[in-house]
K.L.:
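Got a structure for you, questions after.
Just so it is clear, the model here is predicted, and its values are computed rather than measured. Each chain gets a letter, A, B and so on, in the order the sequences are listed, and its residues count up from 1.
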There are 2 protein chains.
Amino acid sequence: MVANSLRARVRAEMIDEIKAVARRHLATDGANLSLRAVARDLGMASSAIYRYFPSRDDLLTTLILEAYVALGDAVEAADAAVDRDDLRGRWFASCRAARAWALANTAEYALLYGSPVPGYTAPDDTIEPAARPPMTLIGIARDGLATGQLTPPPAADLPQPVQDDLADIAASLAPGMPAALLARGMAGWTQLFGLISFELFGRIKGALPHRDDYFDHQIALMADLVGLPR
Amino acid sequence: MVANSLRARVRAEMIDEIKAVARRHLATDGANLSLRAVARDLGMASSAIYRYFPSRDDLLTTLILEAYVALGDAVEAADAAVDRDDLRGRWFASCRAARAWALANTAEYALLYGSPVPGYTAPDDTIEPAARPPMTLIGIARDGLATGQLTPPPAADLPQPVQDDLADIAASLAPGMPAALLARGMAGWTQLFGLISFELFGRIKGALPHRDDYFDHQIALMADLVGLPR
DNA sequence: CTAATTCGAGAGCAGTGCTCTTGACAGGTC
DNA sequence: GACCTGTCAAGAGCACTGCTCTCGAATTAG
């Protein structure tokens, strides 16, 4: 079986090489990835790629899934590196990590959070890793609740239907989380996504030279909204 | 000049027809718009399209610009329909109008606020209409400041570099606007964009059946952040 | 009526994703 | 060593794309 494993090893290396080249092309050409161009870079015929990936969409899906995992890893690692009781520090670290990853991997971020490709539908494998960054933020709020550092926002403002919907989500994803607090955590995630997208997709332009500070301030506003103590 | 105007009229109608068909294709096929398919639908040769639009990107640019104008019109009209002193009502109306337009024109919204096409760079004509929705929101805060209904947030939390950057923006776009308030208005716009994008691009899925109410609540949170009185 | 302009159609080029067939190579078996 | 068997790369080919160019027809201007 040595020979077999040799074959398998070569195959695995080939797959890695294809993904690496594809990622490189992604950075320059965006989502319209050309299999033929990748094949050219690898010095092989375009048809040979199909030995490793059944279709172009399949290659893209693999890249997307790995990108989700990479982003999730980055955010969770940043959160884990901070003292558990330093809620605000964890919030900042997580958000900054997401932004840093997006700035370093703009093409892949656009693939994850940009407009979806028309024919393409994301496989179910992506919904779990896609939920990791928002779950990290919500986890910070939940920990604050558990330690008493954080007092839940009033639920009076919450319409009953939303209250019920959020209670269902909390029941399956974050047991014990009050609906009103969950809503604010999700607002924080929405804001984070919006901030990164605006910065990456060029809405802000040169109008805001101190982008790091602006980002921090906007993130701080959301930390206040969630109720993280200073 | 009757004859001339006839030719010109036919030409204008032809342009409108091309744009209409292209918009229809956009809704189903997304950003990868096919000139040949549009030509087929119109019963003409693909090369004939080039008599009216110098390139595919040019057609897309026209569509994008008109979409910006349509969205801006919708938001401003919704704001204008509410009593000037009802700040919160104006905020809700503007945000809801943006969401309604996006839901009714998902493909065009994706074109405006989705991931940018790699080679494509937006012309300068788009930056003014693109700024209309956020300017509407900021205008509401500014009116509140003028009438005394709204008290500006403390500027102490604002780092000096951000303070300066925002002051520059305010000076050219919204004179008299305190930097801290401008930051919160922009946070509202960011949140609005994020909410709509998440809903359109399918991150929320079926987990939140009462999307209207959820949207309203999240928008209300931002209205509170800006300081709009209840 | 003639000359100039505008327009549509067709052919053609280079590129794309993808399929199918052909031939070369390595693995294990007799 | 000879012989299958599975794996792989390459090439040809199909249908599609954006775009250019040329040619003939129609329309407008003088």
Side-chain angles (χ1 to χ4, degrees), chain A residues 1-19 21-26 28-64 107 111 116-121, chain B residues 1-19 21-26 28-64 107 111 116-121:
Chain A
M1 281 303 167
V2 177
N4 193 340
S5 86
L6 186 148
R7 222 210 258 278
R9 210 187 57 202
V10 169
R11 183 178 176 83
E13 279 176 14
M14 195 72 221
I15 289 181
D16 281 349
E17 247 181 291
I18 293 175
K19 287 193 290 193
V21 173
R23 252 187 281 265
R24 219 173 51 213
H25 272 85
L26 218 56
T28 63
D29 298 347
N32 32 11
L33 175 68
S34 163
L35 275 192
R36 288 179 119 109
V38 171
R40 261 196 302 276
D41 270 26
L42 287 168
M44 69 199 300
S46 63
S47 54
I49 302 256
Y50 289 85
R51 294 274 172 199
Y52 303 92
F53 293 95
S55 78
R56 195 198 74 128
D57 274 11
D58 231 87
L59 173 56
L60 265 180
T61 297
T62 304
L63 259 40
I64 287 176
L111 216 56
V117 185
Y120 178 82
T121 48
Chain B
M1 286 300 168
V2 178
N4 192 339
S5 87
L6 187 147
R7 216 209 257 275
R9 209 187 58 201
V10 169
R11 183 177 175 84
E13 280 177 12
M14 195 73 220
I15 289 180
D16 281 349
E17 247 182 291
I18 292 175
K19 287 192 289 194
V21 173
R23 252 187 282 266
R24 219 173 52 213
H25 272 85
L26 217 58
T28 63
D29 297 348
N32 32 10
L33 176 68
S34 162
L35 274 192
R36 289 179 118 109
V38 172
R40 262 195 303 274
D41 270 25
L42 288 168
M44 68 198 302
S46 63
S47 55
I49 302 258
Y50 288 84
R51 295 278 175 199
Y52 302 93
F53 294 94
S55 79
R56 195 198 73 128
D57 273 11
D58 230 87
L59 173 55
L60 265 180
T61 297
T62 304
L63 260 38
I64 288 176
L111 217 55
V117 185
Y120 178 81
T121 49

K.L.:
With respect to the phosphate group of C/dG8, does any side-chain polar atom (N or O) of B/Y52 fall under 4.0 Å of OP1 or OP2?
P.N.:
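Yes, because at least one side-chain N or O of B/Y52 sits under 4.0 Å from OP1 or OP2 of C/dG8.
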K.L.:
Please confirm whether any donor atom in the side chain of B/R51 sits under 3.5 Å from an acceptor in the base of C/dG8, or the reverse.
P.N.:
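When only heavy-atom distances are counted, B/R51 does reach the base of C/dG8 through a donor-acceptor pair under 3.5 Å.
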K.L.:
Looking at residues at least two apart in the chain, or sitting in another chain, which of them share a side-chain hydrogen bond (donor to acceptor under 3.5 Å, both in side chains) with A/D58?
P.N.:
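Result, side-chain hydrogen bond (donor to acceptor under 3.5 Å, both in side chains) vs A/D58: none returned.
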K.L.:
How many whole angstroms separate atom CD of A/E13 from atom P of D/dC8?
P.N.:
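One finds 13 Å between P of D/dC8 and CD of A/E13, rounded.
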K.L.:
For B/L63 versus B/A22, what's the shortest heavy-atom pair and its separation?
P.N.:
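Where B/L63 meets B/A22 most closely, the heavy atoms are CD2-CB, 3.9 Å.
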K.L.:
Can you tell me how far C1' of D/dA15 sits from CZ of B/R36, to the nearest Å?
P.N.:
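It works out to 11 Å between those atoms.
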K.L.:
Distance check needed: D/dT7 P versus A/R9 CZ, whole Å only.
P.N.:
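The distance from CZ of A/R9 to P of D/dT7 comes to 18 Å, rounded to the nearest Å.
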K.L.:
Among C/dT16, C/dC18, D/dG18, which nucleotide has an atom closest to any side-chain atom of B/R56?
P.N.:
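Within the option list, the nearest is D/dG18.
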K.L.:
Can you tell me if B/R56 uses its side chain to pair, donor with acceptor, with the backbone of B/L33 under 3.5 Å?
P.N.:
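Between the backbone of B/L33 and the side chain of B/R56 there is a qualifying donor-acceptor contact (under 3.5 Å).
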K.L.:
If I take atom CG in residue B/L60 and atom P in nucleotide D/dG18, what distance separates them, rounded to the nearest angstrom?
P.N.:
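It is 10 Å, rounded to the nearest whole Å.
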K.L.:
If the cut-off is 4.0 Å, is B/R11 near the phosphate of C/dC7, judged by side-chain N/O to OP1 or OP2?
P.N.:
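Answer yes for this pair, as a side-chain N or O of B/R11 is under 4.0 Å from OP1 or OP2.
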K.L.:
State the NE2-CG distance between A/H25 and A/L35, to the nearest 0.5 angstrom.
P.N.:
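One finds 10.5 Å between NE2 of A/H25 and CG of A/L35.
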K.L.:
Over how many whole Å does the gap from B/H25 atom NE2 to D/dT17 atom C1' extend?
P.N.:
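Checked: the NE2 to C1' distance equals 13 Å.
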K.L.:
What are the two closest heavy atoms between B/R51 and B/R11, and how far apart are they?
P.N.:
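Of all heavy-atom pairs spanning B/R51 and B/R11, the closest is O-NH2, 2.9 Å.
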K.L.:
Restricting to side-chain hydrogen bond (donor to acceptor under 3.5 Å, both in side chains), what partner residues turn up for B/R23, sequence neighbours left out?
P.N.:
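With neighbours one apart ignored, the set is B/E66.
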K.L.:
Heavy-atom contacts under 4.0 Å between residues 40-50 of chain B and DNA chain D, which residues?
P.N.:
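DNA chain D contact set from residues 40-50 of chain B: B/R40, B/S46, B/S47, B/Y50.
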K.L.:
Let me know the distance between CG of B/L33 and C1' of D/dC16, rounded to the nearest Å.
P.N.:
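Distance, rounded to whole Å: 14 Å.
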K.L.:
CG of A/D58 versus P of C/dT19: gap in Å, rounded?
P.N.:
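It is 11 Å, rounded to the nearest whole Å.
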K.L.:
Could you tell me if the side chain of A/F53 sits less than 4.5 Å from the side chain of A/K19, heavy atoms only?
P.N.:
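In short, these two side chains touch, coming nearer than 4.5 Å.
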K.L.:
How many Å lie between CG on B/D57 and C1' on D/dT17, as a whole number?
P.N.:
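From B/D57 CG to D/dT17 C1': 13 Å.
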K.L.:
Report which part of the nucleic acid A/L59 touches: base, sugar-phosphate, or nothing (heavy-atom distance under 4.0 Å, all strands).
P.N.:
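Nothing, no heavy atom under 4.0 Å.
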